[in-house]
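Convention: sequence-line order gives letters A, B, ...; per-chain numbering from 1.
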Amino acid sequence: MTPLLEAEGLAKAYAGVQALQGVGFDLRAGEIHALCGENGAGKSTLIKILGGILPWGTYGGVIRKGGVECQFHGPRDALASGIVVIHQELSLAPSLTVSGNIFLGREWTHRGMLDHARMDAKTRELLNVLGQTDIRPDQCVQELTVGKMQMVEVARALLPTDPSTGFVASQNPSSSQPDQNPGSSGNGRVLILDEPTSALSSRESEILLELLVVLKQQGTAIVYVSHKLDEVFAIADRITVLRNGQSIETMDRPDAAPNRVVAQMVGRPLEQVFPNRTPAPAKSAVPLLRVRDWTVPSAQNPLASAITNLSFDLHAGEILGLAGLMGAGRTELVESLFGLGPKGKGDLQIDGVPFHPNGAGASVAHGLALVPEDRRLHGLMLEKSVRHNLTSACLKRFCKFGQILDEDAEIHQSALSIGELGVKTPHGEFVVGMLSGGNQQKVVLAKWLLTHPRILFLDDPTRGVDVGAKSEIYRIIQNLSQQGIGIVLISSENEEVWRLSHRILVLRQGHLVGECAPDTIDPAVLFELCAKGSSS
Amino acid sequence: MKRTLALLITIPVIWILFHLLSGGAVLTAGNLVNLFKYLTVVGILASGMTFVMAAGHIDLSVGSGLGFLGAINALLLEQHHWPLALALGAGIGLAITMGCLHGVLVSRLQIPAFIVTLSGLMAYMGLKQFFANPVIPIQHSGFLELGQGYLTGFQGLLGAGLFSLVFGWITRSRIQSRHRHGLPKLKAWIPWATWGGLTGFAFGLVAIFNADRGVPLCVLALILVATSCHALAVHTRFGRHVFAMGSAREAARYSGISIPKTTLGVFVLMALLTWLAGLVATSQLMAAAADIGDNQELYAIAACVIGGTSLRGGTGNVWMSLLGALLMASILNGMEQVGIPSTLQKVILGIILTASIALDQWGQRRIEA
């Protein structure tokens, strides 16, 4: 049987770096095919070629839809042949309505005027198919949650590019659109999703995954790209692993075990992602950081508080984990201690000396450092060089008379830091945005280590980082704690907090609801503790 | 790099082209002195505008601002008969106040710089027309020196020699500093070739100027301003902070860079350079008139854009902005010599501005593809 979509010998180089070299891939009608690989393995490039974002002629190799070679000159051509890509970053216009977004670029008109009534009706129909009855077509997209926005993206992908081919009509006989079999090869619809759940809560992710299975049963072929292996194993029929721009292996799901997939992704058997927990340090009489009755107003609503009457101690050499759900106030806690965001009230002491947070600059001077949650927005200047980023938090150290830069000292230090943390970059003058996620994160870590912190706040330090680099970052964290740095660790993965921390604080809705030693508690129990209703 | 080369080639080509078209009127020592004198006001503004735009802002008030500050200086000097130093000091104080006002409104009250400085444009325009109407003629000889004075031939050559010595010393200490930090050695001929090239250029320029009236003092001022601004941008913490802020504001804030202080610094710097440009402009005209500085903010912004400064912030180079200004001045001067009417000149300038950016975008797309 001819595959619905087929790629053969794809090759693409960016500025001399080979992103893809000889990638083969095939998608059968009515299957969910997962693409797995570390950051920089070439998944995004493959998607860009399939979706026509990289036009024909800028890459080597061929793609065929239903056995016929395709030469896409842009995303429109790909759309016209039924290939829809939903990108990782949402591509909605926030100030337009839901229906305005769904029909963006292909508005239905009546006598030259926008036909709002018909478009809204169609939007209603698409949203109903997705089970999103609570989204109104005339609602502004910016009023929706991220999860709902993702649903709007899916709805947009379901809209036929030509009003005469009623893709949704096949599931909705009441529609006035003529029927057409979307499953027939060559004509079938292909939906490509790139990390669609990265911004979704677990409940929202579940809904999306269920929806994808339904769409598959209705005949849509789906390419699913995700870091999250549990999602991949929940829905994929086949799994293709990419590594270093090459397709390594395609497996049927029953034959694939998570360990095997990870080993293929990393390129070596993965003995242990997590290092053994280091022994907890001895507690000193005066804690490194003492927090008492710390209250932080919420940024959205000044009357509510994000953190309420929180008290804890952090000792030198300790890794203190903060467990909690999204919105429990973990980020607000560390940012307020670091002097960013709404000002907190309460009593802080560093080494027994009172400390009043007032902007990041003052905190750095007191030996505090924060690796922020959002690397691309808060952590790095993506357009600037590795060197400029590395020294940005402690530029004064590289200045004579406090103002005149000593660039040679900077260049020297940036080479040292790159070596110390094993940042894979051609040289220190390389633009940071061109590095892989893991290496970007190492640059952020190195930047903050250059400030010689004694207290280090790590807010989700392995977010969007591939497995190999994660493992390296864990070891760096442990090394730092053994050098006597007090570390507060937040992670979107509870297992990470559980595996690395010496002590865990559980936060729920801005309140401290428990403290535990990880060796006495099961991770499942810990998760339950985070999630329990406020009734306890 | 590519853009630098393009500008360095385009400018002489324009000179030669118009030289031939005008029957030999462009490449004369006299015309080149006039061209560079004309360049100074926009050049000084563009030096500061590079900072403002690199910080991710814009300053529309500099044109009418320079007219206003120039008028105040002339008023104090000529009608109130203040001593020169006191009049200039008052001008500087007023400029700093204006810069602080812009900076505080932008960084503390979060009003977009476009709005703040557009309001400034209107307000200073009115003030300028109030104070400079009727025209205030300037007779103070010391004040007029800046716009009308020239270095003697010997002083010019001495200056070029001094530049060569200082730049040579800097080149040498840079090579030594790399060595001290154990960095891989650069090929030594590159910095020395740069030094040789710039020394040759300096002496060449002085020789051309000397063939006419000598090096104009205002051109000397422009060179000093541009050199200081370039050093401020590239070799100081303040400069690094400005570019960091323009490139990624939030990341800069999370790194402990004070956004309000840096923003304030940028607008004060711009206001001070506006004052200096006002001084040069009134001194060149020997009067403070109501239309001085009109539209100069647009030329300064255009110069920065032609020089490769992004309107989104984070990039920019003072010398490149100056080359942008020189390109525009050369085209205007050439058209003047050929006898194209000034109305048509403006149309052509508009077309050239967009065309230069279009060419650049086209070139970039070709590289990416």
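Among the candidates Arg253(B), His235(B), Arg174(B), His241(B), the residue making the largest number of heavy-atom pairs closer than 4.5 Å to chain A is His235(B).
Screening Met381(A), Arg376(A), His378(A) for a side-chain contact (heavy atoms from CB on, under 4.5 Å) with Glu250(B), the sole residue that qualifies is His378(A).
When the shell of 6.0 Å around CH2 of Trp56(A) is examined, it contains 12 or fewer heavy atoms from other residues, nucleotides or ligands. Counting heavy atoms of neighbouring residues, nucleotides and ligands inside a 6.0 Å radius, atom CH2 of Trp169(B) does not exceed 12 of them.
Residues of residues 389-410 of chain A placed with any heavy atom under 4.5 Å of a heavy atom in chain B are listed by number as Thr391(A), Ser392(A), Ala393(A), Leu395(A), Lys396(A), Cys399(A), Gly402(A), Gln403(A), Ile404(A), Leu405(A), Asp406(A), Glu407(A), Asp408(A), Ala409(A), Glu410(A). Proximity to chain A among residues 258-276 of chain B is not found for any residue, judged by heavy-atom separations below 4.5 angstrom. Contacts with chain B (heavy atom to heavy atom, under 4.5 Å) involve these residues of residues 442-461 of chain A, listed by number: Lys447(A), Trp448(A).
Residues passing the side chain to side chain donor-acceptor pair (under 3.5 Å) test with Thr50(B) are Ser321(B), sequence neighbours excluded.
In this structure, Arg375(A) CZ and Tyr254(B) OH are separated by 15.0 Å, a value rounded to the nearest 0.5 Å.
At distances below 3.5 Å, not a single donor-acceptor pair connects side-chain atoms of Lys384(A) with backbone N or O atoms of Ala248(B).
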